[in-house]
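Just below is one structure, and these are the notes that go with it.
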Amino acid sequence: QKEVEQNSGPLSVPEGAIASLNCTYSDRGSQSFFWYRQYSGKSPELIMSIYSNGDKEDGRFTAQLNKASQYVSLLIRDSQPSDSATYLCAVGGSQGNLIFGKGTKLSVKP
Amino acid sequence: DAGITQSPRHKVTETGTPVTLRCHQTENHRYMYWYRQDPGHGLRLIHYSYGVKDTDKGEVSDGYSVSRSKTEDFLLTLESATSSQTSVYFCAISEPWDRENKDEQFFGPGTRLTVL
């Protein structure tokens with residue numbers, strides 16, 4: 001059974017700080033990796049995708065992938081209260097589906 | 001929500017009643033998925049479709065069936081609803097020919113189903 005593990009949190013950071021979210025996965029053959037943001041009562045929203053080892057930056061977000069360690073992370077710089085949400089890590093599965101972690105709840109305190 | 005709608009958005013039904021949830025997309029994406037989201041379990045795949053009339057089972061397919069007669073519509077049916085099927089149901093779409101953004105999925109707004 002392929003698994004994606006995340007720390008459930010809550011992770012609390014002060015406004016303006018860097019939030020670091022981590023994810024590990026079990027299938028060494030995985031090729032695609034995603035971070036979704038989900039506000040309470042809303043649907044998941046794709047914020048980052050990454051396919052190659054290294055860093056990928058998009059605005060205040062940086063995704064980091066290390067396939068050898070089977071590790072994906074998301075850094076949020078200059079965190080804002082509006083970033084408070086649950087962040088879901090997802091890994092591409094063999095059926096074209098995504099395998100999701102249970103999510104990390106982030107709280108950014110003003 | 002990337003041109004994806006789900007109906008109904010909320011539904012309360014009784015045990016043993018058949019229920020059909022609809023997902024409609026305007027993006028012409030080939031793949032469509034049904035997930036359920038439950039506390040402590042995260043999002044889990046129920047069924048998916050890789051084209052008109054082409055469907056397959058996911059991780060938690062027992063008690064559910066699907067149909068896709070048109071590219072834009074994907075229906076999820078609970079033949080005889082049970083309390084364990086109380087959940088939030090999300091539809092998602094993806095386009096496998098988009099090699100630059102491979103496997104990216106976009107979600108509909110969700111349907112909150114309560115089975116009493």
Side-chain angles (χ1 to χ4, degrees), chain A residues 1-10 21-27 29-52 56 58 61 63 65 67 72 74 85-105, chain B residues 1-6 9-10 23 25 27 29-51 54-61 66 74 87-112:
Chain A
Q1 180 77 351
K2 298 173 185 176
E3 294 183 342
V4 176
E5 299 285 344
Q6 294 181 255
N7 187 321
S8 62
L21 303 161
N22 304 314
C23 171
T24 59
Y25 59 94
S26 63
D27 183 6
S30 298
Q31 297 293 318
S32 52
F33 308 86
F34 308 90
W35 284 99
Y36 285 81
R37 176 175 63 198
Q38 187 174 26
Y39 293 112
S40 180
K42 301 296 186 182
S43 61
E45 173 192 8
L46 179 65
I47 53 173
M48 292 286 287
S49 58
I50 186 167
Y51 305 95
S52 304
K56 179 181 178 182
D58 184 0
F61 299 98
L65 174 61
K67 290 184 179 180
V72 191
L74 179 70
T86 296
Y87 288 80
L88 307 176
C89 174
V91 175
S94 59
Q95 298 170 299
N97 62 310
L98 298 180
I99 300 165
F100 284 86
K102 295 177 183 178
T104 298
K105 188 171 184 178
Chain B
D1 290 321
I4 311 168
T5 57
Q6 292 184 231
R9 294 293 313 279
H10 302 272
C23 177
Q25 59 140 334
E27 304 296 320
H29 281 19
R30 193 155 67 100
Y31 278 48
M32 298 184 75
Y33 309 82
W34 278 108
Y35 291 89
R36 62 179 288 176
Q37 187 173 38
D38 304 288
H41 287 280
L43 281 153
R44 294 179 292 174
L45 181 68
I46 305 171
H47 280 279
Y48 70 103
S49 169
Y50 46 96
D54 292 323
T55 65
D56 207 347
K57 296 178 179 180
E59 177 189 356
V60 291
S61 60
V66 290
F74 192 32
S87 186
V88 180
Y89 292 85
F90 288 105
C91 173
I93 65 173
S94 70
E95 178 44 66
W97 301 120
D98 184 357
R99 293 185 182 278
E100 186 175 330
N101 301 299
K102 185 178 182 298
D103 295 338
E104 285 186 350
Q105 291 187 17
F106 302 94
F107 284 78
T111 294
R112 184 172 295 274

For [X] against [Y], the heavy-atom pair lying closest together:
X       : Y        : value
B:Phe90 : A:Lys42  : CZ-O, 3.8 Å
A:Gly92 : B:Asp103 : CA-OD2, 4.5 Å
A:Tyr51 : B:Glu104 : OH-CG, 3.7 Å

By side chain to side chain contact (heavy atoms under 4.5 Å, CB included) - contacts of B:Leu45 (at least two apart):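 In terms of side chain to side chain contact (heavy atoms under 4.5 Å, CB included), with neighbours along the sequence ignored, B:Leu45 is linked to A:Gln95, A:Asn97, B:Tyr33, B:Tyr35, B:Tyr48.
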Expected output: side-chain A:Lys102 to main-chain B:Gly42 donor-acceptor under 3.5 Å: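 Checking the backbone N and O of B:Gly42 against the side chain of A:Lys102, no donor-acceptor pair under 3.5 Å is found.
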Backbone of B:Gly110 reached by a side-chain donor or acceptor of A:Ser43 within 3.5 Å: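 No, A:Ser43 side chain to B:Gly110 backbone: no donor-acceptor pair under 3.5 Å.
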Where at least one partner belongs to residues 38-48 of chain B, residue pairs that pass salt bridge (charged side-chain N to carboxylate O under 4.0 Å, His left out), sequence neighbours excluded: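 Every pair satisfying salt bridge (charged side-chain N to carboxylate O under 4.0 Å, His left out) with a residue in residues 38-48 of chain B: B:Arg36-B:Asp38, B:Asp38-B:Arg44.
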Enclosure of B:Lys57 NZ (heavy-atom neighbours >12, cutoff 6.0 Å):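 No, not enclosed.
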Crowding at NZ, A:Lys105 (>12 non-hydrogen neighbours, <6.0 Å):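 No, the 6.0 Å shell around NZ holds no more than 12 heavy atoms from other groups.
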Selection from A:Ser49, A:Ser8, A:Gly41 maximising heavy-atom pairs under 4.5 Å formed with chain B: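 Top count of heavy-atom pairs under 4.5 Å with chain B: A:Ser49.
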Residue A:Leu98 versus chain B: region with a heavy atom under 4.5 Å: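 Its backbone and side chain both get close to chain B.
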Engaged part of A:Ile99 at the chain B interface, taking heavy atoms whose separation is under 4.5 Å: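 Answer is neither: A:Ile99 stays 4.5 Å or more from chain B.
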Between CZ on residue A:Phe100 and CD on residue B:Gln37, distance to nearest 0.5 Å: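 Rounded to the nearest 0.5 Å, the CZ-CD separation comes out at 8.5 Å.
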